[in-house]
Amino acid sequence: MNQLNHELERSIRAALQAAQADGDLPDFAIPGIPVSAPKRAGQGDLSYPAMGLARFARMKPLDIANHIVKRMPVLDFVETIEVAPPGFINCTLSETYLKRQVDAIIAEGEDFFRLDIGAGKKAQVEFVSANPSGPITIGHTRNAVVGDAMARLLEAAGYEVQREYYYNNAGNQMIVLGKSLMLRYQQQLGGDIEFPPDYYQGEYLIEAAADLAREYGDKIRHKDWEYFKDIAEARMFAWINRSLASIDIKHDDFYNETSLFESGCIWQVLEKMRENGRIYEATHWEGADAAEVADVNAKGYEPATWFRSTAFGDEKDRVMVKSDGTPTYTLPDIAYHRDKLERGFDIAVNVLGTDHFSQAQVVKYGVQALGLDPAPIRVIFLQMVRAVRWNAERGEYEAVKQSKRAGDFDTLDDLVAMTSADAVRYHMLARSPNSQLDFDVDQVVKQSNENPVYYIQNAYVRCAGIFREADERDFSDDGADLSLLGDAELRFIRKSLELGNVIEQAVTNYEPHKIAFFAQELAAIFHPIYDQVRVLHSEVPPDVAKARLRFYRAAALVFYRLLRLMGMSAPERM
RNA sequence: GCCUCUGUAGCUCAGUGGACAGAGCACCGGUCUUCUAAACCGUUGGUCGCAGGUUCGAGUCCUGCCAGGGGCGCCA
């Protein structure tokens, strides 16, 4: 399927060049030719504002537009091209062409609007990457949904995509996790043991400890924290993957942070940065003011190893190796991203919360300090997400407390249990990454027209209902004459043909939420049609019914495609 | 203080520098003898935070303010 706006852009460009060659328009470097669908009826289906050329041509926009239109080639998808003041070129699509697209959509099926902008290119999406120290939270859930949708959209754009999870298992957190489980286990055995407040408080560790006590009794009483760490880590990781699988998310690859230590990779990276003159040893960073120096002196630090990130525009230098000889987590992070770049991805998308903004900057500086081009690394920063409920008494939304009491929502598992996998996926996706997301749990639970999840899925369900009925009546669309389709169906086809642009924009701007809004808009066009355009009705002539049945077959495929791009299911019944 | 995001209808939010600013919900009023109510039709609703600037044209780009969220550690 071709993106008609791009085809029109090419034709306009050619016509413009021809007009320049003829001397009707002066020579100038032709800028971008943005063709888009106008908002209003009566302005055609695709439109280009030629006013932008006036400053280059030093002519009236209307005259420029006329010179272009005069030289436009005949295009099979175009019915009319008109000039409208103050200088728009408005193009109306051919109805014959649109009707033919019903068969074109059916022919492409699940590959409807698979683009080639990523053909032969490799993309990676690194997402979730939560430490295996607890369950998937509501924040991780947004990350998971956005990352997976991004991956699906990149695939639709033609990229070969790898989904990766950076498995952050080397830090201090994992030590605390191991010790936390060890203490919980000892408590299970009846010991009167104090549980430090900075250890993991979650009940899931108590449950894990209870399981251990049941299985082993006191046989592992004398094992050390590392033993418990391994158990806790494996258990948490299995839980995380189970939770992600419940919303149809699966990573291709898990990259262990520990491997960067075991291979010595982090020290190689540090040495390379040192060779490039970006590393120094000191008790405080080179640009520290008197107050900072006094503060550091008060703490009595030994010298640490610093990265001169200010050389790349950072506001202060960063510690790579702490004075106790252990690396900060930034160093393995830089090593990890070097490895990503060396694996040859054309695009390496990283989905992060905005609380990682500064960190991501430092990693980019670090990659530059290694002499590498960080351009393939693209970060989608997600603003905060919280679960909220409407408080009628106070007349405002309030955050749901992060507790395990009945009715409160804390984890992905909770969200899915109280709503559905599809609802979680849609609502987490249908928000610009730059916007904070209040996940209204009561709204999401509702199975009504207030909920776009079911509104969209119901479009597919309704198509499926027609096919079932047609099968029962042994009515087929063989030999359908698509010329019998009406204006309502054409509205739907026009909108469907915008899918390619939506995918392109979602991919090139790293804004996967666009697909969710498009799906809602398309459903809003579909439902009124379904209400009016009946297939198996006594007053519908058989040849018209055939054409309409074929149309709904195409419509069902479009919705199936959209639902899959969002990682949602396409149910036959509701 | 610095960085960053947000501010658009009563609420939740869309909005490629283009034409008269959109959707859902809420509110009000209608529609199920047909494959159809998780649906459809209609009504109401705006100083696009404020002030400048760039431009033929600004919700969109720039600057400055105001308000709110997040981040700025030898934590991860």
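Below, chain A is the first sequence line, B the second, and so on; all start at residue 1.
Across the protein-nucleic acid pair, Asn451(A) atom CG and G24(B) atom P stand 14 Å apart, rounded to whole Å. Distance CG (Asn509(A)) to P (G15(B)): 10 Å, rounded to an integer number of Å. Distance Asp440(A) CG to G24(B) C1': 13 Å, rounded to the nearest Å. Between the CE atom of Met320(A) and the P atom of G73(B) there is a distance of 13 Å, rounded to whole Å. At whole-Å resolution of the value, CD in Glu292(A) and P in C74(B) are 9 Å apart. Arg142(A) has its CZ atom 12 Å from the C1' atom of C13(B), to the nearest Å. Atoms CD (Glu511(A)) and P (U60(B)) sit 17 Å apart, rounded to a whole Å. His427(A) has its NE2 atom 20 Å from the P atom of A23(B), to the nearest Å.
Residue contacts shown for Val176(A) are absent, as no nucleic acid heavy atom lies under 4.0 Å away. Within the 4.0 angstrom heavy-atom criterion, only backbone atoms of the sugar-phosphate kind lie near Ser432(A); the bases stay farther away. Among the atoms of the strands shown, only primed sugar atoms or phosphate atoms (P, OP1, OP2) are found under 4.0 Å from some heavy atom of Arg473(A). Residue contacts for Arg431(A): at a heavy-atom cut-off of 4.0 Å it reaches the sugar-phosphate backbone alone, with no base atom in range. Residue-level contact check: His284(A) touches neither bases nor backbone, having no heavy atom under 4.0 Å from any strand. Nucleic acid contact for Met384(A): sugar-phosphate only, since backbone atoms but no base atoms lie under 4.0 Å from a heavy atom of the residue. Within the nucleic acid shown, Gln520(A) comes within 4.0 Å of sugar-phosphate atoms alone, with no base atom in reach, counting heavy atoms only. Heavy atoms of Glu539(A) sit nowhere under 4.0 angstrom from any nucleic acid atom. Here Asp324(A) lies out of heavy-atom contact (under 4.0 Å) with every strand.
Phe467(A) carries Arg553(A) over the face of its six-membered ring, with the cationic atom under 6.0 Å from the centre and within 45° of the normal. Stacking of Lys546(A) on the aromatic ring of Phe475(A) is recorded, both the 6.0 Å distance cut-off and the 45° axial limit being met.
Residue whose closest nucleotide on RNA chain B sits further toward the 5' end, between Ala54(A) and Asn458(A): Asn458(A). Residue order along RNA chain B, read from the 5' end via each residue's closest nucleotide, puts Phe517(A) first among Thr283(A) and Phe517(A).
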Which atom pairs link the protein and nucleotides 18-21 of chain B when you take only N or O atoms and keep those under 3.5 Å?
| residue | atom | partner | partner atom | Å |
| --- | --- | --- | --- | --- |
| G18(B) | O6 | Gly52(A) | N | 3.2 |
| A19(B) | O2' | Gln43(A) | NE2 | 3.3 |
| A19(B) | N6 | Ser47(A) | OG | 2.6 |
| A19(B) | N6 | Asn90(A) | OD1 | 2.8 |
| A19(B) | N1 | Asn90(A) | ND2 | 3.2 |
| C20(B) | O2' | Arg40(A) | NH2 | 2.4 |

For nucleotides 1-5 of chain B, give me every protein contact, N/O to N/O, under 3.5 Å, one pair per line with atom names.
| residue | atom | partner | partner atom | Å |
| --- | --- | --- | --- | --- |
| C5(B) | O4' | Gln383(A) | NE2 | 3.3 |
| C5(B) | O2' | Gln383(A) | NE2 | 3.3 |
| C5(B) | O2' | Asn434(A) | O | 2.4 |

message: Show, in sequence, the C-alpha distance, side-chain angles and deciding distance for Leu522(A) and Val558(A), and conclude whether the side-chain contact (heavy atoms from CB on, under 4.5 Å) test is met.
response: CA-CA 9 Å; Leu522(A) 193 67; Val558(A) 175; 3.4 Å; yes
task: Could you go through the side-chain contact (heavy atoms from CB on, under 4.5 Å) check for Ile334(A) and Ile266(A) one step at a time?
output: CA-CA 8 Å; Ile334(A) 292 170; Ile266(A) 56 168; over 6 Å; no
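Separation of the C1' atoms belonging to U44(B) and C3(B) is 43 Å when rounded to the nearest angstrom. Nucleotides G15(B) and G49(B) place their P atoms 15 Å apart, quoted to the nearest Å. Going from the C1' atom of A9(B) to that of G17(B) covers 24 Å, rounded to whole Å. Nucleotides U55(B) and C62(B) are separated by 12 Å at their C1' atoms, to the nearest Å. Between U8(B) and U33(B), the distance separating the two C1' atoms is 46 Å to the nearest Å. The separation of G45(B) from A21(B), taken at their C1' atoms, amounts to 13 Å, rounded to a whole angstrom. A distance of about 26 Å separates the C1' atoms of G22(B) and U31(B), rounded to the whole Å.
One finds no salt bridge joining Arg491(A) and Asp487(A) here, because no Lys/Arg side-chain nitrogen approaches an Asp/Glu carboxylate oxygen to under 4.0 Å. A salt bridge does not link Glu302(A) to Lys322(A): none of the charged side-chain nitrogens sits closer than 4.0 Å to a carboxylate oxygen.
Within the 4.0 Å cut-off from OP1 or OP2 of C41(B), not a single side-chain nitrogen or oxygen of Tyr530(A) is found. Residue Lys322(A) has no polar side-chain atom (N or O) positioned under 4.0 Å from OP1 or OP2 of G73(B).
Distances from the side chain of Lys514(A) to the nucleotides C40(B), U16(B), A38(B) place U16(B) closest. The Gln173(A) side chain lies nearest to A76(B) when the options are G15(B), A38(B), A76(B). Closest to the side chain of Arg55(A), from the set G15(B), G57(B), A14(B), is G57(B). Here the nucleotide nearest the side chain of Arg462(A), chosen from A37(B), C40(B), G15(B), is A37(B).
Glycosidic conformation, C61(B): anti, with the torsion outside 90° of 0. By the rule that a glycosidic angle within 90° of 0 means syn, C20(B) counts as syn.
At a cut-off of 3.5 Å, with distance as the only test, no side-chain donor of Gln383(A) or Asn434(A) sits close to an acceptor on the other residue.
If you check distances only, the side chain of Tyr454(A) never reaches the base of A38(B) with a donor-acceptor pair under 3.5 Å. Counting atom types as modelled, Ser323(A) pairs a side-chain N or O with a base atom of C74(B) as donor and acceptor under 3.5 Å.
Pair check for C74(B) finds none; no Watson-Crick or G-U wobble contact set falls under 3.5 Å. Taking a pair to require two hydrogen-bonding distances under 3.5 Å in either a Watson-Crick or a G-U wobble arrangement, C61(B) pairs with G53(B). Here U33(B) sits opposite no nucleotide as a Watson-Crick or G-U wobble pair (both hydrogen-bonding atom distances under 3.5 Å).
Looking at Asn458(A), its side chain never comes within 3.5 Å of a backbone N or O of Val461(A) through a donor-acceptor pair. Asn143(A) contributes a side-chain N or O that, together with a main-chain N or O of Val128(A), makes up a donor-acceptor pair within less than 3.5 Å.
Classification of the His427(A)-Phe439(A) ring pair by plane angle, with boundaries at 30° and 60°, yields perpendicular. Below 30°, between 30° and 60°, or above 60°: for Tyr552(A) and Phe526(A) the angle between ring planes is above 60°, a perpendicular geometry. Below 30°, between 30° and 60°, or above 60°: for Trp306(A) and Tyr280(A) the angle between ring planes is below 30°, a parallel geometry.
With contacts defined as side-chain heavy-atom distances shorter than 4.5 Å, the pair Val502(A)/Phe517(A) does not qualify.
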